[in-house]
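Treat the numbers as computed from the prediction; the structure is a model and nothing was measured. Numbers restart at 1 for each chain; the letters A, B, ... are given by sequence-line order, proteins then strands.
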Number of protein chains: 2
Amino acid sequence: MSGPTRAPTLADVAASAGVSLSTASLTFSGNKPVSATTRERVLAAAAELGYSGPNPLARNLRQGRSGVVGIAVGQLSTAFRDPAALAMLDAVSEVLGAAGLGLLLMSDDDDHARLPLDAVIYDICGRETWAAYADLVARDVPLVVVEGPAWPGSTYIDIEHRVGSAALAEHLHALGHRDVATVTLAASHPQREREAGLRDVFPHARVLGACESDVAAVQSLVAHHLDDRGPVTAIVCQSDVQAAGVVLEARRRGLRVPEDLSVAGFDGVATPWLDLELTTVVQPLADKGHATAEAVLGRIAGADVSDVLLPVALRVGDSTAPA
Amino acid sequence: MSGPTRAPTLADVAASAGVSLSTASLTFSGNKPVSATTRERVLAAAAELGYSGPNPLARNLRQGRSGVVGIAVGQLSTAFRDPAALAMLDAVSEVLGAAGLGLLLMSDDDDHARLPLDAVIYDICGRETWAAYADLVARDVPLVVVEGPAWPGSTYIDIEHRVGSAALAEHLHALGHRDVATVTLAASHPQREREAGLRDVFPHARVLGACESDVAAVQSLVAHHLDDRGPVTAIVCQSDVQAAGVVLEARRRGLRVPEDLSVAGFDGVATPWLDLELTTVVQPLADKGHATAEAVLGRIAGADVSDVLLPVALRVGDSTAPA
DNA sequence: TTGTAAGCGTTATCAT
DNA sequence: ATGATAACGCTTACAA
């Protein structure tokens, strides 16, 4: 029979159905009405030829859009190890998916300049520079930054870091704590804001060190601090995962939480493998994701999009107690 | 002074540099040599006009490729809650990124038929049907299936489920266990294989129930089984996360692991928040990801790609002991 | 090494 | 409701 024939195109379908190219196009796009009988003929011809719908690549060029939104999250395995990041991602994906947009993961190092992106979400808390930034700006790709640097031209989604951190600090102060230490993130806007909030109440809070939101990382970080700790009675962390690591390491070293040591987190995610409820600052992760995605949609549509600042709430759990 | 001028194209650059369109193209693609002086002129013109490189959409259409590979992982937050999935994803992303390909997340429900995908990875263990499958086949999109159904036309990446499961079962048998129960995954190829391996040794192993790889889920699943358990002395799980959940729930109910109950997992991932090392079946997650990505590259290149079956290894930890 | 020209497969505009 | 036609911006034979 026939050799390796090329895939049928819309033109083939149109010809086979005896209609014009534009009518065939409208049959599939539905952008303008097409009579029922014509549609029948076109679809029949398509089925017969094995035409699987308009070529996305061609449509993309014509429309100037790819339907793909990039999301920069740094190293995948570390970024997504934190449930907070996943909750956010879920919300983003939900909104973008409903709009027919796909979500493309951008590692920090890769060269994504050649990929067709309609917009990019920058969600790498703890980084202040980004190789791809200049390129994206040059290409006029809308950029939505989550808790990152307030780069020119980008839309900015953030939460009330300082307010939440200060509320937590006040809670500890009210419990009688005076000697407080903190585990930090890498130098970044959220970290600076949160530390400022902490120092609003405890100006001399000691910094134990910085690490990612990773149980093992925080355990090794605080390991010796718990031995030769000075008079520290509470440790404030920048994520619930960090806080869980501190709790576990404290117990390993014979300290009871919260009796001997109060521990606080940030985020408000579930930690079912911990047998206590963390005192933490709950951030609206789903709202943050939705707001981010909505900002992306707005920017893609060319609308004026304003920055978003979301509130947080202190949640007192079982990991903090009187000093 | 000019109004909202449209973005410059390669043709503008070529004209401004006084060279032909093809020469300008070659300057950027490097696909054929261009004299140094010519390149200079082109790049200078590009810089002057603010040309940010060839339009990816146009190149995609011309080349018939988008540079985007889809990966179907089901619900994002649940899929990535398991560190095993992340390790795999990392390896995939590493190889594809090096090849200049982007990775697009495909939720199960969304309609991704309109997205330009060069290939798709199906990595949803525990699902046997997929709405998008027929469409991808119709569009001739290469499909690489990881531990999923052996769909016609797809390349198949898998591990030695049954062998590993049987080795684990023999380990338990050698420890004197005779009354074994198991926590399963949703009905699927891996689940069937692993259960077969278990029953090679314990034909009458009891099924406690199925759940995802989620600590909270498994805890509630096994909660009452640990109370009114018959003579069960060991529980075999289908992931280390499941196993961790069983350990925690067992302890919560006053059972010591491994003295009163042996618990085994699958995967071989780190569980730093558990104070014992799980006995488990270690699968080569990075290899699996690399093999998957390599298969994708091969399929995109139109090569003949063979299926891959990777070995696993029993690792005896502290969560199993004599019955 | 550089230029000419032919598409890639659509969608959108404008008539009819 | 349908048809003719012009882009969309680039890459790549092929020619010179």
Side-chain angles (χ1 to χ4, degrees), chain A residues 5-43 45-46 49-67 100 113-118 139-140, chain B residues 5-43 45-46 49-67 100 113-118 138-141:
Chain A
T5 55
R6 63 164 177 64
T9 72
L10 194 53
D12 299 328
V13 174
S16 164
V19 301
S20 75
L21 183 54
S22 49
T23 299
S25 176
L26 292 175
T27 302
F28 285 96
S29 71
N31 284 349
K32 286 223 164 94
V34 169
S35 80
T37 63
T38 306
R39 166 169 33 253
E40 288 302 309
R41 275 226 307 287
V42 172
L43 294 181
L49 294 177
Y51 178 73
S52 49
N55 181 328
L57 261 25
R59 174 175 35 219
N60 288 347
L61 173 59
R62 182 59 235 246
Q63 301 189 331
R65 307 181 296 100
S66 66
R114 303 171 71 88
L115 292 175
L117 300 176
D118 289 350
R139 289 164 61 197
D140 264 321
Chain B
T5 57
R6 63 163 176 65
T9 74
L10 193 53
D12 298 329
V13 174
S16 164
V19 301
S20 76
L21 183 53
S22 57
T23 299
S25 175
L26 293 173
T27 302
F28 285 97
S29 72
N31 284 349
K32 287 227 164 89
V34 170
S35 80
T37 61
T38 306
R39 168 170 31 256
E40 287 302 308
R41 275 223 309 288
V42 172
L43 294 180
L49 294 176
Y51 179 72
S52 48
N55 180 327
L57 261 25
R59 176 176 34 218
N60 288 347
L61 172 58
R62 180 57 231 245
Q63 301 188 333
R65 309 182 294 100
S66 67
R114 302 171 73 87
L115 292 176
L117 300 176
D118 289 349
R139 288 164 60 197
D140 263 320
V141 178

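Of the candidate nucleotides C:dT10, D:dC10, D:dT2, D:dC10 has the atom lying nearest to any side-chain atom of B:R59. With C:dG3, D:dC10, D:dG3 as the choices, the nucleotide that has an atom nearest any side-chain atom of B:S20 turns out to be C:dG3. Taking every side-chain heavy atom of B:T9 into account, D:dC10 is the closest of C:dT1, D:dC10, C:dG9. If you check D:dC10, D:dA1, C:dT1 against the side chain of B:L10, the one that comes closest is D:dC10. The side chain of A:V19 has D:dG3 as its nearest neighbour among D:dG3, D:dA1, C:dA12.
C:dA6 atom P lies 21 Å from atom CD of B:Q63, rounded to whole Å. Between B:L21 atom CG and D:dC8 atom P there is a gap of 13 Å when expressed in whole angstrom units. Computed from coordinates, the A:L61 CG to D:dA6 P distance equals 17 Å when rounded to whole Å. Between the CG atom of A:L49 and the P atom of C:dG9 there is a distance of 14 Å, given to the nearest Å. The nearest whole Å value for the distance from the CZ atom in A:R39 to the P atom in D:dT2 is 9 Å. With rounding to whole Å, B:R65 atom CZ is found 14 Å from D:dC10 atom C1'. Taking atom CG on A:N55 and atom P on C:dG7, their separation rounds to 17 Å, with Å as the unit. For the pair B:R139 CZ and C:dG9 P, the interatomic distance rounds to 14 Å; values are reported in whole Å.
Within 4.0 Å (heavy atoms only), B:L57 reaches no atom of the nucleic acid at all. In this structure, A:N60 reaches neither bases nor backbone, as no heavy-atom distance under 4.0 Å exists between it and the strands shown.
Shown here are the salt bridge (charged side-chain N to carboxylate O under 4.0 Å, His left out) partners of B:R139, two or more places apart in sequence or in another chain: B:D135. A:E40 is linked by a side chain to side chain contact (heavy atoms under 4.5 Å, CB included) to nothing, counting only residues two or more places apart in sequence or in another chain. A:S66 is linked by a side-chain hydrogen bond (donor to acceptor under 3.5 Å, both in side chains) to A:D118, counting only residues two or more places apart in sequence or in another chain. Evaluation of the salt bridge (charged side-chain N to carboxylate O under 4.0 Å, His left out) rule for A:R114 yields no partner, not counting sequence neighbours.
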What pairs of donor and acceptor atoms, side-chain ones from residues 7-18 of chain A against any protein atom, are under 3.5 angstrom apart with sequence neighbours left out?
from  : atom 1 : to    : atom 2 : distance (Å)
A:T9  : OG1    : A:A11 : N      : 3.2
A:T9  : OG1    : A:D12 : N      : 3.4
A:D12 : OD1    : A:R6  : NH2    : 3.4
A:D12 : OD2    : A:R6  : NH1    : 2.9
A:D12 : OD2    : A:T9  : N      : 2.8

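Here the shortest heavy-atom pairing between A:N55 and A:L57 reads OD1-N, 2.7 Å. The shortest non-hydrogen separation linking A:P54 to A:F28 is CG-CB, 3.8 Å.
Contact annotation: B:Y51 does not reach the phosphate of D:dG9 (side-chain N/O to OP1 or OP2, under 4.0 Å).
Residues from residues 22-30 of chain B placing a heavy atom under 4.0 Å of any atom in DNA chain D, listed by number, are B:S22, B:S25.
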